[in-house]
Enquirer: 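Take this structure, written in C-alpha cells, and hold onto it; I'll ask about it next.
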Amino acid sequence: MRLTDDISFLKGVGPQRAEALQKELAIFTPGQLLLHYPFRYIDKSQITKIKDIQSDQTPVQIIGQFNVVREVGEARAKRLVASFSDDTGTIDLVWFKGAKWAKAAIQLNKTFVVYGKPTEFKGKYNIPHPEMEQYETAGVVSGNELKPVYRTTEKLSSKGLSSNGIAKLTRTALDELKEPILENLSAVVLDRFKLPSRQESIRQIHLPSNATALEAARRRLKFEELFFIQLQLVKQKLLQTKMERGFVFEKVGDIFNEFYSKHLPFELTNAQKRVIKEIRADVGRGYHMNRLIQGDVGSGKTIVALLSAILAIDNGYQTCLMAPTEILAIQHFQSISTLVAPLGLKVVLLTGSTPKSERRIILESLAQGSIHLIIGTHALIEPTVQFQKLGLAIIDEQHRFGVAQRAALWKKATLPPHVLVMTATPIPRTLAMTLYGDLDNSIIDELPPGRKPIQTLHKTDAHRIEVFGFIEKEIAKGRQVYIVYPLIEESEAMDYKDLQDGYESISRRFPLPDYRISIVHGQMKQESRDYEMEQFVKGKTQIMVATTVIEVGVNIPNASVMIIESAERFGLSQLHQLRGRVGRGADQSYCILMTGHKLSSDARTRLQTMVETNDGFKIAEVDLELRGPGDLSGTQQSGLMNLRIADLARDQKILSAAREMALEIIDQDPTLSNPENKPLSDHLQLISQHKSDWSRIS
Ligand code: ADP
Ligand code: MG
C-alpha cells in the first residue's frame with residue numbers, strides 16, 4: 001500500500017467507511033489518515049482518585065462505575081446527571097447537551113474510564129461533558145502506557161470508527177505501508193533542533209513507545225507545521241519588500257511641513273514619531289510597503305494615518321482610508337476634515353449610503369485626480385472606484401478585513417499602493433507573526449500624555465448599593481456613566497440580569513427629574529438609537545444603559561464611568577474595548593466589573609487581568625492563553641489557524657524558533673535553490689499546489 005492510494009484499499013476500510021472518512025474528516029488516502037494526529041493520550045499511569053480532585057484547571061482521568069443516572073431541570077435548563085464512583089468517592093458527571101447520546105452510552109455496573117475538566121459548583125466538583133469509554137476497550141489494560149485518542153464524529157463512530165477504530169486503521173496503515181515517509185526538513189534544520197525524522201515522528205505520534213519518544217515526535221511535528229507556515233510568509237514578505245517595486249515618496253513636502261509646524265493640534269508622542277519615521281523609511285526606498293500598526297485604543301493612530309496620507313499627497317499620490325463600519329468612517333472623515341481644513345486638501349467620504357448623484361461626482365473626480373484623500377467603508381473596494389494615482393491605502397481595524405480585500409485595493413494602481421494597516425486589537429507577538437507574518441510591524445506603545453490610567457474594580461452584586469452610591473457621586477461632579485449589559489432579553493436557562501430589569505432598577509434608583517437615562521440596544525430602530533445616543537453625547541442624559549452596541553465608535557470624553565454588568569460573560573478583548581470608551585477626557589475614569597458570586601476560574605482570571613492592567617498587549621496574551629487562537633478576532637479568516645498539532649498559545653517557543661530558522665534560510669537562499677534546501681522547496685511546492693493528497697499540510 002502507498003501513501004497516495006485510495007483509502008478504500010486499506011484493510012478494514014470498505015466503501016462505506018471510505019465515504020464517511022472522506023466526508024467527515026476529508027481523509028481520502030492512507031497518507032492523510034496518518035496526518036490525522038491523536039489530540040491526546042490516555043496515560044495509564046495517570047489515574048486520579050475522586051477524593052483527590054481539587055483543582056478546576058486541569059482535566060483528570062478517573063476509573064469507576066456509574067451508580068445513578070437522572071435527568072434534572074426543565075426545558076432549556078434540562079440536563080443529565082450521572083453519579084460516578086471509585087473506591088474513594090463519588091462525583092457527578094453532567095451533560096447539558098448530547099444527553100440522549102450519553103444516556104445510551106452509560107451502562108451501570110460496568111467499569112468506565114472517564115476524562116474531563118472538573119468544575120466547582122457550590123463547594124462540590126462535577127465534570128461537565130466528560131469523555132468516557134468502557135474500561136475493557138479503553139486499552140488501559142492492554143499494557144499500552146500511552147493510548148492515542150483521535151478526534152472523530154458521531155457518524156464515523158456509528159460506522160465503527162470511534163477513536164479506537166481509527167487507532168486500529170492507523171496501525172494497519174503503518175504496518176502495510178510499502179514506501180518510506182519522505183523527510184521534508186533539511187539536514188541542517190533537523191540537526192540544529194535535534195529533531196527526529198518525519199518517518200519516525202509519524203510512527204511515534206500514533207504508536208508511542210514511551211513518553212520521551214512521543215514528546216520528541218510531537219515537538220518535531222509542531223515545528224514542521226509552524227516552520228512551513230513561516231517559510232511561506234517570510235518568502236512572501238521578502239518578495240514584497242525586497243523584490244516588488246513600489247512608488248517612491250521622495251520628499252517631505254510643503255504640505256507636510258506646513259501641517260507639521262503650524263497645524264498639528266498637539267505634540268506627537270515618541271511612539272507616534274517613531275512609527276512615522278518607520279513609514280517614511282519604507283516609502284522612500286522604492287519597495288512596496290506593507291506595514292501593520294498596532295496601537296491600543298486611544299493611542300493616536302489617526303494622526304499617524306493622516307501624516308502618512310499627507311506624505312503621499314505631497315508626492316503627487318492619492319490616498320484611501322478604509323474603516324470597517326460606517327460610523328467609524330464618518331468619525332474619521334469628520335476629525336480628519338477638521339484637521340486638514342487649513343491645508344486646502346480635498347477629502348471626501350464614500351460609504352454604502354452615499355447618494356447616487358454624489359457618488360457619481362466623487363467617482364469622477366477620484367478618477368480624474370482632484371480628490372486627495374477618500375475615506376470610506378467596503379464601498380471603496382468596488383470595481384467602479386478608480387483612482388488616478390493611488391499611492392497609499394490605509395486600512396483601519398484590519399482584523400475585520402480579509403487578505404482578499406487587501407489585494408483588491410492593490411489592483412487599483414499601476415504598482416500596488418503602499419499599504420498601512422492599523423489595528424486597535426493588540427495581538428500577541430507570536431500570533432502577529434503568523435497572522436501578519438508577511439507584514440512589517442510597528443507598535444504605538446505609548447498613550448498621549450495627561451491621560452490618567454483608568455481604575456478598574458471588580459465588585460459582586462452584593463455591593464450594588466455601594467456602586468450606585470459611587471455613580472451618584474460621579475454624576476454630581478458632572479460626569480456621565482455607561483452601564484453595559486450582555487443581553488437584551490432574559491435567557492431562560494441562566495440567571496443573568498437582563499437589560500430591561502437593569503434599566504428599571506436604575507430608573508428607580510436614579511429617578512426623574514433629577515436624572516435622565518438613555519437606553520440603546522440592538523433591537524431598537526436605528527432612529528431611536530441615534531436619538532438616544534445623541535442625547536447622551538450632548539450631555540442631556542447622565543446615564544447610558546446599553547448593550548455592547550456601543551463597543552465601537554463612541555467618543556464621549558465626559559463619560560468617565562463604565563459599569564459592565566455580568567462581566568464574567570464577556571471575553572477579555574471585549575472587556576478591554578468596552579473599557580476603552582472611558583478615559584478619553586482629563587478626569588479620572590473608572591471601570592467597574594459587576595459579577596455574581598460564583599465564577600469559573602477562567603472568568604476569575606479574566607477579571608483579575610482587567611483589574612491589574614490597562615495594557616492591551618498583556619491582555620491579549622492572557623486572552624490567547626485562555627481561549628486559544630481560534631477565538632481571537634481575525635484568526636478565523638486567516639486560514640492559518642487550522643493547525644493539526646501546534647498550539648499558538650502553548651508553543652510560542654517553537655514558533656519563535658521556526659520563524660528564526662525560516663528567516664535565516666530565506667536570507668541565505670531566497671529562492672531555495674540550494675541543493676540542501678531541496679526538501680523544503682519540494683514541500684513548499686506541494687503545499688502551494690494545494691494538492692488534496694498526502695502532502696497537504698494546511
Ligand atoms: P486610536 O489609536 O484609538 O485611533 P485616536 O487617533 O482616535 O486613537 O486618538 C485618540 C485621541 O487622542 C484623539 O482625541 C486624538 O486627538 C488624541 N491624540 C492623539 N495623539 C495625541 C498626542 N500626541 N497628544 C495628545 N492627544 C493626542
Ligand atoms: Mg481609531
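Counting starts at 1 for both ligands and their atoms, in listed order. Nothing here was measured: the structure is a model prediction, and the numbers come from that model. Residues: numbered from 1 along the sequence shown.
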Enquirer: Could you identify the single nearest non-hydrogen protein atom to atom 8 (O) of ligand 1 and state the distance to 0.1 Å?
Expert: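 Protein heavy atom with the smallest distance to atom 8 (O) of ligand 1: Gly300 N, 3.2 Å.
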Enquirer: Check this for me: does any side-chain nitrogen of one of Lys477 and Glu474 sit under 4.0 Å from a carboxylate oxygen of the other?
Expert: yes
Enquirer: Using a 4.0 Å cut-off to any heavy atom of Glu267, which atoms of ligand 1 qualify?
Expert: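 In order of numbering, the contacting atoms are 22 (C), 23 (N), 24 (N).
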Enquirer: Output the list of atoms in ligand 1 that are nearer than 4.0 Å to some heavy atom of Ser299, sorted by atom number.
Expert: 2 (O), 8 (O)
Enquirer: In the protein, what heavy atom is nearest to atom 20 (N) of ligand 1, and what distance, to one decimal place, separates them?
Expert: Gln272 NE2, 3.0 Å
Enquirer: Is any N or O atom of Ile303, backbone or side chain, closer than 3.5 Å to an N or O atom of ligand 1?
Expert: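 For ligand 1, there is no N or O atom that lies under 3.5 Å from one belonging to Ile303.
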Enquirer: Could you check Arg606, Arg604, Glu612 and say which one makes a side chain to side chain contact (heavy atoms under 4.5 Å, CB included) with Gln608?
Expert: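 Considering Arg606, Arg604, Glu612, a side chain to side chain contact (heavy atoms under 4.5 Å, CB included) with Gln608 is found only for Glu612.
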Enquirer: Counting only heavy atoms on the protein side, is anything nearer than 4.0 Å to atom 14 (O) of ligand 1?
Expert: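 Not a single protein heavy atom is under 4.0 Å away.
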Enquirer: Any donor-acceptor pair under 3.5 Å linking the side chain of His332 with the backbone of Ile375?
Expert: no
Enquirer: Does a side-chain N-to-carboxylate-O contact under 4.0 Å join Glu382 and Arg359?
Expert: yes
Enquirer: Looking only at atom types and distance, does a side-chain atom of Gln318 sit under 3.5 Å from a main-chain N or O of Ile371, one as donor and one as acceptor?
Expert: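 Checking the backbone N and O of Ile371 against the side chain of Gln318, a donor-acceptor pair under 3.5 Å is found.
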Enquirer: When you measure from the side chain of Thr456 to the backbone of Val611, do you find a donor-acceptor pair of N or O atoms at a distance under 3.5 Å?
Expert: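 Checked: no pair found.
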Enquirer: Please answer whether the main-chain N or O of Ile255 pairs with a side-chain N or O of Glu258 as donor and acceptor at a distance below 3.5 Å.
Expert: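 No: the side chain of Glu258 does not pair with the backbone of Ile255.
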Enquirer: Side chains of Ser442 and Glu278 only: does a donor on one sit below 3.5 Å from an acceptor on the other?
Expert: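 Judged by distance alone, the side chains do pair up.
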Enquirer: Using modelled atom types and a 3.5 Å cut-off, is there a donor and acceptor pairing between side-chain atoms of Gln480 and backbone atoms of Phe536?
Expert: yes
Enquirer: Side chain or backbone of Asp296 under 4.0 Å from ligand 1, or both, or neither, by non-hydrogen atoms?
Expert: backbone
Enquirer: What are the atoms of ligand 1, with element, lying closer than 4.0 Å to any heavy atom of Thr269?
Expert: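 That gives atoms 23 (N) of ligand 1.
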Enquirer: For atom 4 (O) of ligand 1, what's the nearest protein heavy atom and its distance?
Expert: Thr302 OG1, 3.6 Å
Enquirer: Closest non-hydrogen protein atom to atom 19 (C) of ligand 1, residue and atom name please, with distance?
Expert: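 Here the nearest protein heavy atom works out to Phe266 CZ, 3.5 Å.
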Enquirer: Gly295 near ligand 1, heavy-atom distance under 4.0 Å?
Expert: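 In this structure, Gly295 fails to qualify as a contact of ligand 1 - no heavy atom is under 4.0 Å.
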Enquirer: What protein heavy atom sits nearest atom 2 (O) of ligand 1, and how far away is it?
Expert: Lys301 NZ, 2.7 Å
Enquirer: Consider every N or O of Gly298 and every N or O of ligand 1, then say whether any pair is closer than 3.5 Å.
Expert: yes
Enquirer: Between Lys452 and Asp587 (salt bridge meaning N to carboxylate O under 4.0 Å), is one present in this structure?
Expert: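 No, this pair does not count.
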Enquirer: One residue to check: Arg451. Relative to ligand 1, which of side chain, backbone, both or neither has a non-hydrogen atom less than 4.0 Å away?
Expert: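 The answer is the side chain.
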Enquirer: In terms of atom number and element, which parts of ligand 1 are under 4.0 angstrom from non-hydrogen atoms of Leu268?
Expert: 23 (N)
Enquirer: Is there at least one pair of N or O atoms, one from Arg584 and one from ligand 1, spaced under 3.5 Å apart?
Expert: no
